[in-house]
**Q** 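One structure, as structure tokens, below. Some questions next.
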Amino acid sequence: MTIIVTGGAGFIGSNFIFHMLGKYPDYRIVCLDKLTYAGNLSTLAPVMDNPNFRFVKLDICDREGVYGLFEEEHPDMVVNFAAESHVDRSIENPEVFLQTNILGTQVLMDACRKFGIQRYHQVSTDEVYGDLPLDRPDLFFTEETPIHTSSPYSSSKAGADLLVLAYYRTYGLPVTVSRCSNNYGPYHFPEKLIPLMIANALNDKPLPVYGKGENVRDWLYVEDHCKAIDLILHKGRVGEVYNIGGHNEMRNIDIVKIICKALGKPESLITFVTDRKGHDMRYAIDPTKIHNELGWLPETKFADGIQKTIQWYLNNREWWETIISGEYQNYYEKMYGNR
Ligand code: NAD
Ligand code: DAU
């Protein structure tokens, strides 16, 4: 079994590669990644010497390059994590989101059609469903919830989802799609809420909470997401969408307070800043389908997962300090300087 994992030098893709190489010692994993600002080769250091692993620096939009790799590797499966993934960046500069997330997805699926494939899996997001109101805790996203996006990021992911399902219906490409809620855990890029707050708190810097901090996200430990994708690849039904989430809704402000407490830092570091444009209020996944059909359930409770995550950032300072000392400084100044 040869699996091409795109975006494997990023947060979830790298965790997925570690999971797959650990669980299936006879699988060959080929990581295809452009190494954008969000991709880190150092993240993959633990598997670089594994004879079942190969890293290829490539853009998923590079049709010739992608076809060349398929010709060499003849993959049985493709799991597409490669994407521009940060909502705030999509508000500043939407174009690269459309390019990578939609057109890049198309190139990968065309390669699958040309060379033949057992499965193409699209890693998508609950953000394609838009948001839910805070005063309706009875509402959840199911696979039937209409697509109703808010940001350029979520719109590009929705566009890709629709294209993937169209390739199934039109060409019979054997696809699956998963839509997961917010992940957290090791190797999470420090522009995102949880690692940003951990890094800032450790450096005694202000903790910038958007708006009133009342927005709710449904947090899932990254390993649980990787296990769900593994199950979908092996047991999921072709042409189907599976929602992934663990009923773990938290307000942003409460997460930031948990981080302050765990690190022994004062809550006076919390600074309320101008809200994100079009900010989604609440995400909440109904995971009934993946539970009933594939037996998936999350294994890590938030109380344990967040402590493990904080400990990981304490033990791996070099990883994130290297990231935030470079180009990230300009990004941070631009996004938070006058906020
Ligand atoms: P990330 O930003 O940490 O990593 C993205 C990776 O993709 C990086 O390694 C980057 O170099 C690579 N990449 C970007 N453009 C590329 C291109 N044109 N060609 C090849 N590689 C490219 O993202 P993440 O948080 O790990 O998210 C991975 C996937 O999961 C994305 O598709 C995202 O939409 C989806 N997702 C993320 C979350 C979450 O909470 N982080 C939740 C649900 C779904
Ligand atoms: O729901 C899945 C999505 O989760 C994924 O598809 C995206 O790729 C991923 O980035 C994530 O999107 P969010 O926008 O929910 O994540 P982010 O970490 O950027 O923000 C989480 C919440 O915290 C959101 O309500 C905005 C808020 N926030 C974020 C940052 C970076 C702050 O209050 N302050 C901040 O500095």
Side-chain angles (χ1 to χ4, degrees), residues 5-16 31-41 43-44 56-62 65-66 79-91 96-97 99-101 103-105 107-108 122-129 131 141 150-151 153-154 156-157 160-161 178-185 187-197 200 206-220 222 225 229 243-245 250-253 255-256 270-276 279-285 332 335-336 339:
V5 177
T6 70
F11 166 43
I12 310 175
S14 59
N15 279 282
F16 180 73
C31 172
L32 180 174
D33 198 297
K34 182 182 177 182
L35 296 181
T36 67
Y37 79 91
N40 267 290
L41 215 41
T43 299
L44 293 170
V56 180
K57 185 174 187 300
L58 193 62
D59 186 336
I60 57 168
C61 301
D62 174 355
V66 169
V79 185
N80 182 24
F81 290 94
E84 288 292 334
S85 69
H86 193 34
V87 173
D88 292 328
R89 288 187 193 253
S90 84
I91 294 167
V96 67
F97 284 74
Q99 189 73 36
T100 286
N101 299 1
L103 296 178
T105 296
V107 168
L108 291 172
Q122 178 73 1
V123 180
S124 187
T125 168
D126 59 358
E127 295 201 16
V128 301
Y129 299 122
D131 64 350
F141 298 137
S150 311
S151 70
Y153 162 70
S154 55
S156 68
K157 292 296 289 184
D161 282 19
S178 54
R179 296 180 179 147
C180 190
S181 60
N182 286 64
N183 285 215
Y184 68 103
Y187 300 109
H188 203 178
F189 194 85
E191 68 190 347
K192 307 285 169 62
L193 178 76
I194 288 180
L196 184 145
M197 296 300 167
N200 280 18
L207 306 177
V209 172
Y210 298 168
K212 294 182 184 155
E214 286 169 347
N215 306 63
V216 169
R217 297 293 182 263
D218 184 359
W219 295 93
L220 184 72
V222 63
H225 185 188
I229 295 173
N243 282 355
I244 308 173
M250 305 272 301
R251 294 191 313 166
N252 295 339
I253 186 70
I255 299 231
V256 178
I270 294 173
T271 313
F272 293 97
V273 300
T274 307
D275 211 349
R276 174 184 280 175
H279 199 172
D280 282 338
M281 281 317 300
R282 170 177 168 246
Y283 302 146
I285 282 276
Y332 198 88
M335 302 302 263
Y336 296 94
R339 198 155 183 158

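Ligands are counted one by one from 1 in listed order, and the atoms in each one are counted from 1 as well. Here the structure is a predicted model, which is why all the values come from computation and not from measurement.
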**Q** Can you spot which of T6, D59, L58, V56 makes a side chain to side chain contact (heavy atoms under 4.5 Å, CB included) with V66?
**A**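 The option that passes is L58.
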**Q** In terms of atom number and element, which parts of ligand 2 are under 4.0 angstrom from non-hydrogen atoms of D126?
**A**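 What qualifies from ligand 2 is 1 (O), 2 (C).
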**Q** To which protein heavy atom is atom 27 (C) of ligand 2 closest, and what is the distance rounded to 0.1 Å?
**A**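 For atom 27 (C) of ligand 2, the nearest protein heavy atom comes out as N252 ND2, 3.4 Å.
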**Q** Output the list of atoms in ligand 2 that are nearer than 4.0 Å to some heavy atom of Y283, sorted by atom number.
**A**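 Atoms satisfying the 4.0 Å criterion: 1 (O), 15 (O).
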**Q** Which pair of non-hydrogen atoms, one from G8 and one from C31, has the smallest distance, and what is that distance?
**A**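 Shortest heavy-atom contact: CA-SG, 3.5 Å.
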**Q** In order of chain and number, which residues sit within 4.0 Å of ligand 1 by heavy atom?
**A**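 Protein residues near ligand 1 are G7, A9, G10, F11, I12, D33, K34, L35, T36, A38, G39, L58, D59, I60, F81, A82, A83, S85, T100, V123, S124, T125, Y153, K157, C180, S181, N182, N183.
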**Q** What atoms in ligand 2 come closer than 4.0 Å to a heavy atom of V209?
**A**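 Atoms satisfying the 4.0 Å criterion: 33 (O).
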**Q** What pair of heavy atoms forms the shortest contact from P208 to Y332, and how long is it?
**A**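 Minimum heavy-atom contact is CG-OH, 3.7 Å.
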**Q** Which ligand 2 atoms are under 4.0 Å away from a heavy-atom of T125?
**A**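 Selected atoms, number and element: 1 (O), 2 (C), 3 (C), 5 (C), 6 (O).
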**Q** Flag P208 as yes when one of its N or O atoms lies below 3.5 Å from any N or O atom of ligand 2, and as no otherwise.
**A**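 Checking ligand 2 against P208, an N or O pair does fall under 3.5 Å apart.
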**Q** Taking heavy atoms and a distance under 4.0 Å, where does E191 meet ligand 2: side chain, backbone, both or neither?
**A**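 The part of E191 near ligand 2 is the backbone, not the side chain.
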**Q** Could you tell me whether the side chains of Y210 and D88 share a donor-acceptor contact shorter than 3.5 Å?
**A**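 Yes.
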**Q** With atom 3 (C) of ligand 2 as the reference point, say which of E127, R217, H279 has the nearest heavy atom.
**A**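 Of the listed residues, E127 has the closest heavy atom.
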**Q** Would you say the side-chain atoms of N200 pair up with the backbone N or O of P206, donor to acceptor, closer than 3.5 Å?
**A**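 Checked: pair present.
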**Q** If every non-hydrogen atom of D33 is compared with every non-hydrogen atom of G10, which pair is closest and at what distance?
**A**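 For D33 versus G10, the nearest heavy atoms are OD2-N, 4.0 Å.
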**Q** With heavy atoms of Y336 as the reference, note each atom of ligand 2 found under 4.0 Å away.
**A**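 It comes down to these atoms of ligand 2: 30 (C), 31 (C), 35 (C), 36 (O).
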**Q** Establish, yes or no, whether the cationic atom of R217 lies under 6.0 Å from the six-membered ring centre of Y184 and within 45° of the ring axis.
**A**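 So R217 doesn't make the cation-pi contact.
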**Q** Assess M335 for proximity to ligand 2: is some non-hydrogen atom of it under 4.0 Å away?
**A**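 It does not, in that no heavy atom of M335 comes within the 4.0 Å cut-off of ligand 2.
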**Q** What atoms of ligand 2 come within less than 4.0 Å of a heavy atom belonging to Y153?
**A**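 Counting from 1, the qualifying ligand atoms are 5 (C), 6 (O), 7 (C), 8 (O).
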**Q** Where's the contact between L193 and ligand 2, heavy-atom distance under 4.0 Å: side chain, backbone, both or neither?
**A**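 Both backbone and side chain.
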**Q** Which of the listed options, F272, Y210, Y332, holds the heavy atom that is closest to atom 30 (C) of ligand 2?
**A**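 Ranked by closest heavy atom to atom 30 (C) of ligand 2, first place is Y210.
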**Q** In terms of atom number and element, which parts of ligand 2 are under 4.0 angstrom from non-hydrogen atoms of H86?
**A**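 That gives atoms 19 (O) of ligand 2.
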**Q** Mind checking whether F81 and F16 have parallel, tilted or perpendicular rings, split at 30° and 60°?
**A**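 Ring orientation of F81 relative to F16: tilted.
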**Q** Looking at D131 and M281, would you say the former's side chain and the latter's main chain have a donor-acceptor pair under 3.5 Å?
**A**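 Yes; at least one donor-acceptor contact below 3.5 Å.
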**Q** Among V107, T100, L103, find the residue that satisfies the side chain to side chain contact (heavy atoms under 4.5 Å, CB included) test when tested with I60.
**A**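 For I60, the side chain to side chain contact (heavy atoms under 4.5 Å, CB included) check succeeds only for T100.
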**Q** Would you please classify the geometry between the Y283 ring and the F141 ring as parallel, tilted or perpendicular, with 30° and 60° separating the classes?
**A**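 It falls in the tilted class, 30° to 60°.
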**Q** Consider every N or O of S85 and every N or O of ligand 2, then say whether any pair is closer than 3.5 Å.
**A**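 Yes; at least one N/O pair falls below 3.5 Å.
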**Q** Report yes if N182 has an N/O atom closer than 3.5 Å to an N/O atom of ligand 2; otherwise report no.
**A**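 Right, the criterion is met.
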**Q** Please lay out, stage by stage, how V123 and N80 fare under the test side chain to side chain contact (heavy atoms under 4.5 Å, CB included).
**A** CA-CA 6 Å; V123 180; N80 182 24; 5.7 Å; no
**Q** Could you check atom 14 (O) of ligand 2 against the protein and tell me its nearest heavy-atom contact, residue, atom and distance included?
**A**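 Result for atom 14 (O) of ligand 2: R276 NH1, 2.6 Å.
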**Q** Rounded at 0.5 Å granularity, tell me how far NZ in K192 sits from CG in N183.
**A**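 Those atoms lie 9.5 Å apart.
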**Q** I'd like to check the side chain to side chain donor-acceptor pair (under 3.5 Å) partners of N215; sequence neighbours left out, ordered by chain and number.
**A**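 For N215 the side chain to side chain donor-acceptor pair (under 3.5 Å) partners, ignoring immediate neighbours, are H279.
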